[in-house]
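The block underneath contains the structure these notes are about, expressed in structure tokens.
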Amino acid sequence: MNVLKRAVSQIQKGAVKSFQTFPAAIANALAFSLVTIVRIHLDWPEQEAYNFLFNCLHWAFALGAILSLAAITAAKSRIGDKKSFMTANVVGVLAAASAFLLLYAFGGTDPEFTGIRYKTISIIAASRVGVLMLVSFLTFIVMAGYPKDQSDFAHSYFMTHKAFFIAILYGIVIMSGTSAVAGAIRALLYREMSSKVYMYIGTISGFLAFTIFLGYFPDFSKGNVDEHRAVAQKQPRFVEVLFQYIMVPIVLAMTVVLLIWAGKTIVGGMRANFIRLSSIATSFAVSGIWLHIMVTHNETAIAKF
């Protein structure tokens, strides 16, 4: 029981500390949440005229939050002085502002060609921002795997997954509990309460989950040895069993199936639909790479195989 209390207390303290550790990322996430609250407050006919503006803000703040996370981690782990920390935060804010201006000025579609009354963000513009977010997030994982005597990419990769699922779990608990309270108030005390209250609760819960996600990570400061890093990077026993005895055999079986298919294709030609095959091959490649990273430090024979 005491172990559980300490774990919960540490996560709560980490969430509070994240405001100091990643201020630009938190600021962007808070701005993202505020835009969401404004959108919830406005009904759709009224919101439609501002939909393009809100979408630009959402994409910009999401990029700013993730890029800030990567920049701050790089500054703390590779340089470690206050000036670099401040510069990294400014870079995150400027990235969000620049993304918004570029999206708003050049990322819209022409209503005459789309048949929609108002401008919307083009697919290519959204894709470019999405790629920048992905690159920023991968950069964060790489930076979090430094120094090499304490971590590496595989450990950092698993630590990020662990922080994500812990944050999701806490977010669901927060949202479920507060929604239950709101439901009781609506049923027993104030029947005229708007259903938008649940949307507000969901938004606030998402923001709190993000702070928990950031707060779970150890101190990445250069020259500092944080004991929490070893705990955050360690795979629980049930996760090791899941990877070793369930997921690895499944991927191996899939590999055998694909090899047999490749042999049949070489001999008799390809008879299956290419789109279906490409989706299967892509899913297999992505899941295989993901699993390989997860079992990198596993010493069992089946994982090494």
Side chain proximity check, [X] to [Y], heavy atoms < 4.5 angstrom:
X    : Y    : answer
L53  : C56  : no
V225 : Q150 : yes
Q244 : V248 : no
H58  : T36  : yes

**Asked** Roughly how far, to the nearest 0.5 Å, is the OH atom of Y198 from the CE atom of M175?
**Response**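 Interatomic distance, M175 CE to Y198 OH, rounded to 0.5 Å: 10.5 Å.
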Of all the heavy-atom pairs spanning [X] and [Y], show the shortest one and how long it is.
X    : Y    : value
I26  : S18  : CG1-O, 3.6 Å
A163 : Y216 : CB-CD2, 3.6 Å
W59  : V129 : CE3-CG1, 3.6 Å
T109 : I121 : CG2-C, 4.2 Å
L103 : A60  : CD1-N, 4.5 Å

Legend entry - Stepwise side-chain contact (heavy atoms from CB on, under 4.5 Å) check, H41 with Y200: CA-CA 9 Å; H41 179 72; Y200 295 135; 3.6 Å; yes
- Task: Take the angle between the ring planes of H297 and H155 and call it parallel below 30°, perpendicular above 60°, tilted in between.
- Result: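 Judged by the thresholds at 30° and 60°, the geometry between H297 and H155 is parallel.
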Give the table of side-chain donor-acceptor pairs shorter than 3.5 Å for residues 66-78, with sequence neighbours excluded, one pair per line with atom names and distance.
| residue | atom | partner | partner atom | Å |
| --- | --- | --- | --- | --- |
| S68 | OG | G64 | O | 2.5 |
| T73 | OG1 | L69 | O | 2.7 |
| K76 | NZ | S221 | OG | 3.3 |
| S77 | OG | T73 | O | 2.7 |

Would you say [X] has more than 12 foreign heavy atoms packed within less than 6.0 Å of its [atom1]?
X    : atom1 : value
M86  : CE    : no
I123 : CD1   : no
K148 : NZ    : yes
K119 : NZ    : yes

For L242, check side-chain contact (heavy atoms from CB on, under 4.5 Å) against everything at least two apart and list the hits.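 side-chain contact (heavy atoms from CB on, under 4.5 Å) list for L242, sorted by chain: I246, M247.
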Tell me every residue that passes side-chain contact (heavy atoms from CB on, under 4.5 Å) with V135, counting only those two or more places apart in sequence or in another chain.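 V131, T139.
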*Which residues share a ring-ring contact (aromatic ring centres under 6.0 Å, His included) with F213, sequence neighbours left out*: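 Listed in chain order: F217.
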*Of all residues at least two apart in sequence or in a different chain, which pass the ring-ring contact (aromatic ring centres under 6.0 Å, His included) check with F52?*
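ring-ring contact (aromatic ring centres under 6.0 Å, His included) check on F52 returns Y104.
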- Quick one: do S156 and Q233 satisfy side-chain contact (heavy atoms from CB on, under 4.5 Å)? Show the steps, please. CA-CA 7 Å; S156 175; Q233 294 178 160; 5.5 Å; no
- Going hydrophobic residue to hydrophobic residue with side-chain gaps under 4.5 angstrom, can you get from F207 over to I172?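 Yes.
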- Lys/Arg N to Asp/Glu carboxylate O, K196 vs D43, below 4.0 Å: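 Between D43 and K196 there is a salt bridge, with a charged N closer than 4.0 Å to a carboxylate O.
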Listed pairs under 3.5 Å, donor-acceptor, residues 93-102 side chains, sequence neighbours left out:
| residue | atom | partner | partner atom | Å |
| --- | --- | --- | --- | --- |
| S98 | OG | L94 | O | 2.8 |

Please confirm whether the backbone N or O of [Y] pairs with a side-chain atom of [X], one donor and one acceptor, at under 3.5 Å?
X    : Y    : answer
K162 : Y157 : no
D152 : G145 : no
Q47  : R39  : yes

> Ring centroid separation for F158 and W290, is it under 6.0 angstrom?
Replying inline: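 Ring centres of W290 and F158 not closer than 6.0 Å.
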F164 and I168: side-chain contact (heavy atoms from CB on, under 4.5 Å), yes or no, with the steps? CA-CA 6 Å; F164 173 78; I168 289 294; 3.8 Å; yes
Check step by step if side-chain contact (heavy atoms from CB on, under 4.5 Å) holds for F22 and F210. CA-CA 11 Å; F22 302 102; F210 184 72; over 6 Å; no
